[in-house]
Every structure is written in C-alpha cells, then in structure tokens.
Amino acid sequence: MNAISSRQQDILVLARAQGRVSVDDLAARFEVSPQTIRKDLNDLCVRRLMSRVHGGAVVASGVENVAYEARRIIAHGAKRAIGDAAARMVPNRASLFINIGTTTEEVARALGDHEDLLVITNNLNVATLLYRHPKIELIMAGGPVRHADGAVIGSAAVDFVRQFRVDYAVIGASAIEEDGTLLDFDYREVQVARAIIDNARQVILVADRSKLERTAPVRIGDMSEIDTFVTDMVPSSGLREVCSRHGVELIEVGGAEDEGF
C-alpha cells in the first residue's frame, strides 16, 4: 500500500480538528474534483483512518478522540433533540448523575425548567449550565480536571460518585459497536462512568448515530446495562436486535443530518 499523500494528510488534520469533513468542502479547498476527494477518503477509510458517512467522512481513530469543540458541532441538531427527549424522561424531584459529553450537556441544558432536582456531575460544562438555577441542587465531583473538555476524572472522582445512589444516570459513549459494546477513549473517564452506571437505578444512554460509525479502545460496558437509549436513529438492525433482546427502551428522535458538512 502506498504512503498517504500530503493532501490526504491535510484532510486528516482537518477531520481531527472539525470532527467531520464533506466532499464538496474539501474539493473547493484543495481545488480538485469531488471524484478525487472521494478517492482520497476511500483510501483513508481502507487504512481505517476515517469512516465514510453521507456526503463525507469522520475520523475513525481508535486511539484519539475528536477535539471537544469540534464534537459540539457534529450532529448538533440531533444532539439538541436527543437532549430534549432525555430531559423529558426525568421527573421533578429526582436525583441524577450526568457525565462528560457534548450530548449529555444538551440534556443538562434542557433540564433548566425542572424543579427540585439533585444533579451530581463530573462535567464542568454541565455545572456551568446548571449552577444558576435556584431549583436545582448541583454537586460537583472533585479531582483532576482534563484540559481538553472539562471532565473531572481519576480515583477521587470515582470514590466521590460511589457515595451516592441516584434515580437516573445520563451517560454518553464515544463509540457503540453493533453487538452493543459501549466504548470510550480514556480509561480514567471510563472508571467514573462505570461508577455512575453502578450507582443509578435507571441508566439513560444518549448518543447520536455517528457513534455507530466510530470506534474507541476502552470498554465502558454493554447495552444490557442500559435501561433507555435515546438517539436520533439506529440504522443497524443488529443493534436494534440487541436492544430488543435486553429490554432496552429505544427512543429515536429522528432528524436530518446537520447542514454545513
């Protein structure tokens, strides 16, 4: 197999910064035909460096996550709809964990009108969204803060989470395999996620369908540990069957892919 070209290297750099690239945008940027860009993307996919999606491609690295600000942009409309749907599942006067993730942030944003909630989080972004609401009691986990995304991680955060037993856990995942395996990139973050799952009565997984097109190296757990999966859609019949077999409530909010990619 030939070495990747300088243009393909540039495409990878853009994809890691933006999360997702489109054929038309790349063709205009590099002043080549869309067919040439499609060949570049196909070559990168063959090397398992990227994964094709409608109109373009996303990073498929199993080692390094997409930049956090770029992840906020990816499927933003779907994430907002997922957040709204998940928040409607949480009644007033409930207690819940919310972990790190751009989709879990959207759940937090949608909880602003709730009353008498107790929210425990290891996500500085969630804390920033919720601390001003007088009818929401917010508890922040302690420990080292990851510069990339504001996640509080490590053994101190795990020990802190284990002090609680809450009604709901709202969690995300960086990747979901067809057999229902939930994956992430940082084993320290996964340790916190595991403690959150183990200490909640009901677990709500929030993730858009792009997570089904990616992979990551660290196992969080399995779909069998999830009570409700809120997503925009599940195109995989295999994953649908896994959800059905384990009694996972599947909520699909629908919606087209975001414009601009």
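Both backbone and side-chain heavy atoms feed into the values below; hydrogens, waters and symmetry mates do not.
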Assess whether atom CZ of Phe30 is packed by more than 12 heavy atoms of other residues, nucleotides or ligands within 6.0 Å.
yes
Return the CG to CZ distance between Asp232 and Arg80, rounded to the nearest 0.5 Å.
14.5 Å
Ile11 side chain reached by Leu41 side chain, heavy atoms, under 4.5 Å
yes
By side chain to side chain contact (heavy atoms under 4.5 Å, CB included) - contacts of Ser95 (at least two apart):
Leu118, Val166, Asp167
Going by heavy atoms in the side chains, are Val230 and Met89 under 4.5 Å from each other?
yes
Please check if the number of heavy atoms outside Asp113 that lie under 6.0 Å from its CG is greater than 12.
no
May I ask you to say whether Arg209 pairs ionically with Glu252, meaning some side-chain N is under 4.0 Å from a carboxylate O?
no
Those residues that, when tested against Arg88, pass side-chain hydrogen bond (donor to acceptor under 3.5 Å, both in side chains) (two or more places apart):
none
Looking at side-chain heavy atoms only, is the closest gap between Leu26 and Arg7 below 4.5 Å?
no
Looking only at non-hydrogen atoms, find the nearest pair between Ala173 and Leu182 and report the distance.
CB-CB, 4.5 Å
Can you tell if the side chain of Leu117 reaches within under 4.5 Å of the side chain of Lys135, non-hydrogen atoms only?
no
Are Val152 and Ile120 connected into the same hydrophobic cluster when the rule is that any two of I, L, V, M, F, W, Y join if their side-chain heavy atoms are below 4.5 Å apart?
no
Is it true that Asp24 and Ser22 share a donor-acceptor pair across their side chains at a distance under 3.5 Å?
no
Among residues two or more places apart or on two chains, list those pairs meeting ring-ring contact (aromatic ring centres under 6.0 Å, His included) that have a residue in residues 101-133.
none
Check whether any side-chain heavy atom of Val253 lies under 4.5 Å from a side-chain heavy atom of Thr231, and answer yes or no.
no
Spacing of CG belonging to Leu239 relative to CD1 belonging to Ile176, to within rounding of 0.5 Å:
6.5 Å
Using a strict 4.0 Å threshold on nitrogen-to-oxygen distance, state whether Glu225 and Arg194 make a salt bridge.
yes
For residues Gln163 and Asp159, determine if any side-chain heavy atom of one lies less than 4.5 Å from a side-chain heavy atom of the other.
no
Could you identify which residues cluster with Leu183, counting Ile, Leu, Val, Met, Phe, Trp and Tyr as linked when any side-chain heavy atoms lie under 4.5 Å apart, either directly or through a chain of such contacts?
none
Residue pairs passing the ring-ring contact (aromatic ring centres under 6.0 Å, His included) test with at least one member in residues 148-169, sequence neighbours excluded, are Phe160-Phe164
Contacts of Glu31 meeting side chain to side chain contact (heavy atoms under 4.5 Å, CB included) (sequence neighbours excluded), chain-then-number -> none
Polar side-chain atom of Asp227 near backbone of Val203 as donor-acceptor pair, under 3.5 Å:
yes
Determine whether the side chains of Ser210 and Asp208 contain a donor N or O and an acceptor N or O closer than 3.5 Å.
yes
For Ser155 and Gln191, what are the C-alpha separation, side-chain angles and deciding distance, and is it a side-chain contact (heavy atoms from CB on, under 4.5 Å)?
CA-CA 8 Å; Ser155 59; Gln191 289 173 334; 5.9 Å; no
Group every Ile, Leu, Val, Met, Phe, Trp and Tyr by side-chain heavy-atom contacts under 4.5 Å, then state whether Val161 and Ile153 land in the same group.
no
